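A quick write-up on the structure given underneath.
The shown structure was predicted, so the numbers you read here are calculated from the model rather than taken from an experiment. Reckoned from all heavy atoms, side chains included, excluding hydrogens, waters and symmetry mates. Numbers restart at 1 for each chain; the letters A, B, ... are given by sequence-line order, proteins then strands.
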Amino acid sequence: MRLKVTAIAAVLMAASGISAAEGLKVGMITTLSGGGAGLGIDVRDGFMLAISQSGLTDIDVVIEDDQRKPEIAVQLADKMIQSEKVDVLTGIIFSNLAMAVIPSSLAQGKFYLSPNAGPSQLAGKGCHEDYFNVAWQNDTLHEAAGAHANETGYKNSFILAPNYPAGKDALTGYKRQYSGELAGELFTKLGQTDYASEIAQIRASGADSVFFFLPGGMGISFLKQYADSDIGLPVVGPAFSFDQGILQAVGDAAMGVKNTSQWNKDLDNPTNAAFVESFSSEYGRLPSLYASQGFDTANLLISAMASADVSDKDAFREALRAADFNSTRGQFTFANNQHPIQDIYVREVVLEGDVYTNKTLGVALENHSDAYAVECGL
Amino acid sequence: MTMTTALLAEQVLNGIQFGIMLFLMAAGLTLVFGVMGLINLAHGSLFMIGAFAAAAVAGATGSFAIALVAALAAAAAAGALMEILVLRRLYTRDHLDQVLATFALILIFSEGTRAVFGSFPLFLNIPDALSGTIILPGGIQYSLYRLSLIGIGLLVAFGLYLLITKTRLGIQVRAGENDREMIAALGVDISKLYTIVFALGAALAGLAGALVGAIQSVQVGMGEPVLILAFVVIVIGGIGSIKGAFVGSILVGLTDTLGGIFLPMFFDVFMDKSAAASAGSALASMSIYILMAVVLIVRPSGLFGART
């Protein structure tokens, strides 16, 4: 990993031809190995694409792999702050790692721009003037799934998520909007790969729909086994189990599933069209929502650099808060807690040629801000 | 939630199926430890290699049967290479050296697999002939593929039993478990025996990876969670005992599956639904480790463990 980072840094230095002392230094801690690697790689690639498109010569990005381990993420953050002297930190995918790194980085006077994790603890009372979330607060995509369930007329949902903080946020988020009955509510083990027992309970529950939040490989396993069970009840969930990176591994089992996302590759705005086009040609694959989040995060940072110097923290903070950049989501504004106010869409999994992907069906929640913003004193 | 007999029977089948897949992993692990005295943390990597080989070959040929053969061959070859190149040097070293070296192998296999196949999960699906469900006696609707897994696992277990008790190789394996130096002194080519046993264990892990990969996510690192459970199984069953690995696997499979259902139902009696789901799930995650602790208190060398 060190080699790759050095290589990227070297390329950047060569491209700039000057030392980065006068510019801005970004520390990206993200997951590049192990089970969650696909997410971090997409965030990194989206971020670096925006940096290279900007043509900026005074920005230096140091990238390190947290291996999805909180203790490693903390060590990397210490190193980046103390020896690399970065100005801005970004990159963390998983909420438990975010909680280990972000509060202490903020306490040491660094800016943090989150391209993914949005734990509720940092959105309400624990919000911070130097913390900006460019993706979403964790609950919001699940809230949109609940709203979609109401609209579709589901009356008796069976809901399940892994037994960890983001899993609890998921079920809370769904229930915050969903107004029907619950046929069952289950917490699975984090990292669980066999869902035979849960599927048997769904079959026996008399539910009319299934809501699940099982990110990454867990979702792949569940969907394959669910499709094989012949239960056939409609499934709804957040985009995390239906993103571009894993759909090909799920295959036909995901066809037709409705899922909620703040972004899709068919969102009709020029920034998004150009992003999808350039990402695909640069990396040879379609972008995922994680890639769009990385891209937006970098563009937010670049927009702030254009109007303020990071050494003037107050001015730089104001420039970030203005969010004066072209987002892949179209309009982009921050709520008072510096999390996005945004439309959340319902998408459907479709087959285009021989590639599984998503098509936007409509808006589930319009101009949605998270439920914790009112508790934030900013 | 009400628990009908059909639902209970289905859950028992799920527990047995889970246990039998664990057995395929645990059998190799316990043989290697029993015969060679080697702790092999990289056994989970062989599981992953089996799944990746199956996914790649199924993608290229469209045949699940060929994919299974490829998984067996790839895992056995990887196992034999691993034994000859690395592990052979570790038999006389202490367990800490073995743990360090085989942990390094996990990292090498994981990053090597990522270099070849990329970071995104691979597709491997159930063959059409085995997809869907069938109705069992008693009105139980059950996955045909899972039923096939139980059948294949039982066949493999029976085959292993015959191999260990009825063949010359089996005699050597049993003798090797008892006294390594003595069978070498009797003229058995011990290093060839070790390579064969290791490749056999690796092939079983690869088979499990391919079979399970069809209903799970084929991704880097998929072997490690299974490895931990396989270690629990061989500790419960008694290290070195194939019979112990079988009984331990079924026990762990049933405890894990049924614990996951009954504990939340139990808490539901006196807690609200969300809290019961959360508390039950937390305790269910611990249930197999509690089982292991109880077994170790009653029988410190495991259920069928010979060593004291």
Under 6.0 Å from the CD atom of A/Glu71, do we count more than 12 heavy atoms belonging to anything else shown? yes
So, taking the atom named CD1 in B/Ile215 and the one named CD1 in A/Ile220, what distance separates them when rounded to the nearest 0.5 Å? 13.5 Å
For chain B, find which of A/Leu190, A/Thr188, A/Thr193, A/Leu171 contributes the most heavy-atom pairs closer than 4.5 angstrom. A/Thr193
With rounding to the nearest 0.5 angstrom, report the OG to CG distance, A/Ser197 to B/Leu7. 8.5 Å
Counting only non-hydrogen atoms closer than 4.5 Å, does B/Pro121 touch chain A with its backbone (N, CA, C, O), its side chain (CB onward), both, or neither? both
Region of B/Ile126 in contact with chain A, defined by heavy-atom distances below 4.5 Å: side chain
B/Ala214 versus chain A, heavy atoms under 4.5 Å apart: side chain, backbone, both or neither? backbone
Using non-hydrogen atoms and a 4.5 Å limit, figure out which bit of B/Glu111 sits close to chain A: side chain, backbone, both or neither. side chain
Spell out, as yes or no, whether a donor-acceptor pair under 3.5 Å connects the side chain of B/Ser281 to the backbone of A/Phe187. yes
I'd like to know if the side chain of B/Ser217 and the backbone of A/Ser221 have a donor-acceptor N/O pair within less than 3.5 Å. no
How long is the span from the CD atom in B/Gln216 to the CE atom in A/Met218, to the nearest 0.5 Å? 12.5 Å
Most contacts with chain A, counted as non-hydrogen pairs under 4.5 angstrom, among B/Val212, B/Leu13, B/Leu122: B/Leu122
Going through the distances and angles, do B/Arg146 and A/Asp194 end up as a side chain to side chain contact (heavy atoms under 4.5 Å, CB included)? CA-CA 11 Å; B/Arg146 288 182 187 275; A/Asp194 199 299; 3.1 Å; yes
When B/Phe120 is tested against each of A/Leu247, A/Ile246, A/Asp42 for side-chain contact (heavy atoms from CB on, under 4.5 Å), which residue passes? A/Asp42
Do the side chain of A/Asp230 and the main chain of B/Thr133 share a donor and acceptor less than 3.5 angstrom apart? yes
For A/Tyr283, does the OH atom sit with more than 12 other heavy atoms under 6.0 Å from it, leaving out its own atoms? yes
Using 0.5 Å steps for rounding, measure from the CD atom of B/Gln141 to the OG atom of A/Ser229. 7.5 Å
Does a side chain donor of either A/Asp228 or B/Ser143 reach within less than 3.5 Å of an acceptor in the other side chain? yes
Tell me if the OH atom of B/Tyr289 is crowded by more than 12 foreign heavy atoms within 6.0 Å. yes
Counting heavy-atom pairs closer than 4.5 Å to chain B, which one of A/Gln192, A/Arg285, A/Glu198 comes out on top? A/Arg285
For chain B, which of A/Arg203, A/Lys189, A/Gln248 has the most heavy-atom pairs under 4.5 Å? A/Arg203
Test your reading of the model: is there a side-chain donor-acceptor pair from A/Lys224 to the backbone of B/Leu124, 3.5 Å cut-off? yes
